[in-house]
Enquirer: 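Below is a structure I'd like to ask you about.
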Amino acid sequence: NSNLTDSAVDVDAIVSGKCIAVPVTDECVDRFETQVKENSTTVDTSGHDSWETYAIAHGRQLCPFSSSAMGNQNHAMTSRLAQQNCDGIMEKKNQNNHAAAEIRNLTNIHCVVVEILVDYYSENTKKSDSSLDQKELTSLQAMVKTKVSSLSIKTCPKKLEVMGDDRTLVVPSTAFLLQEQETKNDFHQLLMNFSSKIHNDCPDRTDHPTMYKIQVKLWKNLASLYKSPRVVRRGDIDPESGVRESGHRILWPLPVSITSSNNDAAKCTNHGYTPQSTGPDSPGWITVTEHKIRQSFDLTRVMFSRGNVTEKKRFGLLVQPDEYVLDMYAGIGYYTLPALVHGRARHVTACEWNPNAVFALRHNLKANKVDERATVLEGDCRLTLQALMTNQKEGGNTHHYFDRISLGLLPSSEGGWPIAIECLNREKGGWLHVHGNVATKERQQWAHWLCRSLVCISTKNEYSTDWHAVCNHIERVKSFAPKVDHYVADVFVGPLSSPSLFGKGVDNVTTTGVLHSGVFTATPLDVSTPSCALNTEGVIHQKW
């Protein structure tokens, strides 16, 4: 900017588009600056003016290692140009075949790390009046490339995930992490050695501010590479948390209230922070659009699974326009919204007990213009639904006895089955869509056990003693763990004469059972219990 304010520069020519910006190497900029100081121009031996004759301004700009950051969305071109940039910055030619092979394996992310370390070292040595000559710089670059290329995938992944409509960058929980424990990961060890090399500190020092400064620059450059407005660190969902709150934390940018404190800034730069405010326009608020449905939420407070996207659409297409639907574990509207938008359900009752998820759910119902056909029940669905059924009985109104119920709770929704059966339409029954994490080899066993369990529950009610359970489909949603999958069983519970069963492939069944590959198998009375079942205390012992 200072160059463009010079009186000798034709600013009008630049603004009017009569000039072009040409990327050059540092050596070219240094050469041009020298000639500007000497007020000289260069003429080559061919008699033509050199490029310096036509240059009217210059400056330095970080060059991203991805052509996608400059508008090229072609992945192959992005990778190729990124590698060329990295090779060109590091060294003009590498005679060592082994080192050359390592360079070819450097990803865009590796290149960003290399550039940051080399630039930081160069900047700090200049400040100390001991700047590197070209030979030393080339040697440093080769050394840094070798170190970075040897980092484990756990600490320096080859690719990162972007999330949401704004492309929020999600960093794995162990990536680029500075550990406080005695045993350091390879990335932490690399930064420790690098910091001590710059400042001649004790090599065992683990809290040098240089490491956190490098981390901040890393988040900024990765955000630039991926065109992301923020960077978050992925966090696990606490299994002991009743509301299954998100563990995601924001790494960059940090608010002034945090950056003004060195201790807080270092901690949040490494682990991230949770904003004090929530809701639209807050730092953690994000929108994910799937199948034309906008889902907004605070990513630091509410969980979100991208792996369920196909199941959401499938559920929405199963819903019929005249149905009353119940979503017992609604979250931000994962299945509530598809039922309303795609299924055009007459009405959906959504239950949720996480206050932050309820806030997002109400927002999403309005944002998708379906709030007039939805009711939100906040609290434990086993209690709120019992109160709803009691009110309906006392009022003599049965239209809220549901035709279709989603039980989308993992690892098991077994605790909600009794109230779900009670909420079904008393005359014709209805469909339950039961989610569960099930050992792959127990898939069919789980379906039969599920049907038998639902029948046992229904026989306790005087109006449903003759009901049966028929599973006509088992959908595999995604892998949960090795040899364990997330499944959804579509189970009809009610009288076998119900019109809800017509056209579902099980029109002529006479008993409880499971349809698999077009073959109906009756469920035995003594079906064995799968490993994903709750014990008598309501606990899952997941031996797998």
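One-based numbering along the sequence shown.
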Enquirer: About how many Å separate CD1 of I286 and CZ of R167, when rounded to the nearest 0.5 Å?
Expert: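 Between R167 CZ and I286 CD1, I get 11.5 Å after rounding to 0.5 Å.
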Enquirer: With a 6.0 Å cut-off (strictly less than), is the heavy-atom count around CZ of R344, excluding the residue itself, greater than 12?
Expert: no
Enquirer: With sequence neighbours left out, write down each residue that passes side-chain contact (heavy atoms from CB on, under 4.5 Å) with S479, or none if nothing qualifies.
Expert: R476, D485
Enquirer: Just jot down the ring pair (Phe, Tyr, Trp, His ring centres under 6.0 Å) partners of H363, sequence neighbours excluded, or say none.
Expert: W285
Enquirer: Which pairs of donor and acceptor atoms, one on a side chain in residues 402-409, lie under 3.5 Å apart (sequence neighbours left out)?
Expert:
{"unit_1": "D403", "atom_1": "OD2", "unit_2": "Y324", "atom_2": "N", "d": "2.9"}
{"unit_1": "R404", "atom_1": "NE", "unit_2": "E323", "atom_2": "OE1", "d": "2.9"}
{"unit_1": "R404", "atom_1": "NH1", "unit_2": "H433", "atom_2": "NE2", "d": "3.0"}
{"unit_1": "R404", "atom_1": "NH2", "unit_2": "L318", "atom_2": "O", "d": "3.2"}
{"unit_1": "R404", "atom_1": "NH2", "unit_2": "E323", "atom_2": "OE2", "d": "2.9"}

Enquirer: Give me the one residue out of V170, V171, I250 that meets side-chain contact (heavy atoms from CB on, under 4.5 Å) with R233.
Expert: V171
Enquirer: Identify whether NZ of Lys or CZ of Arg in R249 sits under 6.0 Å from the centre of the six-membered ring of Y273 and within 45° of that ring's axis.
Expert: no
Enquirer: If a pair satisfies salt bridge (Lys or Arg N to Asp or Glu O under 4.0 Å) and one of its residues is in residues 274-291, list it, with sequence neighbours excluded.
Expert: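 Qualifying pairs: E290-K312.
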Enquirer: Which pair of non-hydrogen atoms, one from F359 and one from G279, has the smallest distance, and what is that distance?
Expert: CE2-CA, 3.6 Å
Enquirer: With R306, which residues qualify under side chain to side chain donor-acceptor pair (under 3.5 Å), at least two apart?
Expert: E161
Enquirer: Using ring pair (Phe, Tyr, Trp, His ring centres under 6.0 Å) as the criterion, list what pairs up with W252, not counting sequence neighbours.
Expert: none
Enquirer: State which residues pass salt bridge (Lys or Arg N to Asp or Glu O under 4.0 Å) with E378; sequence neighbours excluded, sorted by chain then number.
Expert: none
Enquirer: State which residues pass ring pair (Phe, Tyr, Trp, His ring centres under 6.0 Å) with W417; sequence neighbours excluded, sorted by chain then number.
Expert: W449
Enquirer: Sequence neighbours excluded and cut-off under 3.5 Å, please list the side-chain donor-acceptor pairs for residues 509-517, or say none.
Expert:
{"unit_1": "T512", "atom_1": "OG1", "unit_2": "H468", "atom_2": "ND1", "d": "3.2"}
{"unit_1": "T512", "atom_1": "OG1", "unit_2": "A469", "atom_2": "N", "d": "3.2"}

Enquirer: Looking at residues at least two apart in the chain, or sitting in another chain, which of them share a ring pair (Phe, Tyr, Trp, His ring centres under 6.0 Å) with H435?
Expert: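 With neighbours one apart ignored, the set is Y335, H486.
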Enquirer: What side-chain donor-acceptor pairs closer than 3.5 Å can you find for residues 326-334, not counting sequence neighbours?
Expert:
{"unit_1": "D327", "atom_1": "OD1", "unit_2": "Y329", "atom_2": "N", "d": "3.4"}
{"unit_1": "D327", "atom_1": "OD2", "unit_2": "T336", "atom_2": "N", "d": "3.3"}
{"unit_1": "D327", "atom_1": "OD2", "unit_2": "T336", "atom_2": "OG1", "d": "2.9"}
{"unit_1": "Y334", "atom_1": "OH", "unit_2": "M303", "atom_2": "O", "d": "2.4"}

Enquirer: Determine whether W219 and R230 satisfy the following criterion, side chain to side chain contact (heavy atoms under 4.5 Å, CB included), listing intermediate values before the conclusion.
Expert: CA-CA 8 Å; W219 304 144; R230 60 189 158 190; over 6 Å; no
Enquirer: Go through the structure and list residues passing side-chain contact (heavy atoms from CB on, under 4.5 Å) with D380, not counting sequence neighbours.
Expert: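 For D380, the residues satisfying side-chain contact (heavy atoms from CB on, under 4.5 Å) (neighbours in sequence not counted) are W353, R382, L383.
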Enquirer: Verify whether one side chain among N185 and K154 offers a donor that lies under 3.5 Å from an acceptor in the other.
Expert: no
Enquirer: Is atom NZ of K220 surrounded by more than 12 heavy atoms (other residues, nucleotides or ligands) closer than 6.0 Å?
Expert: no
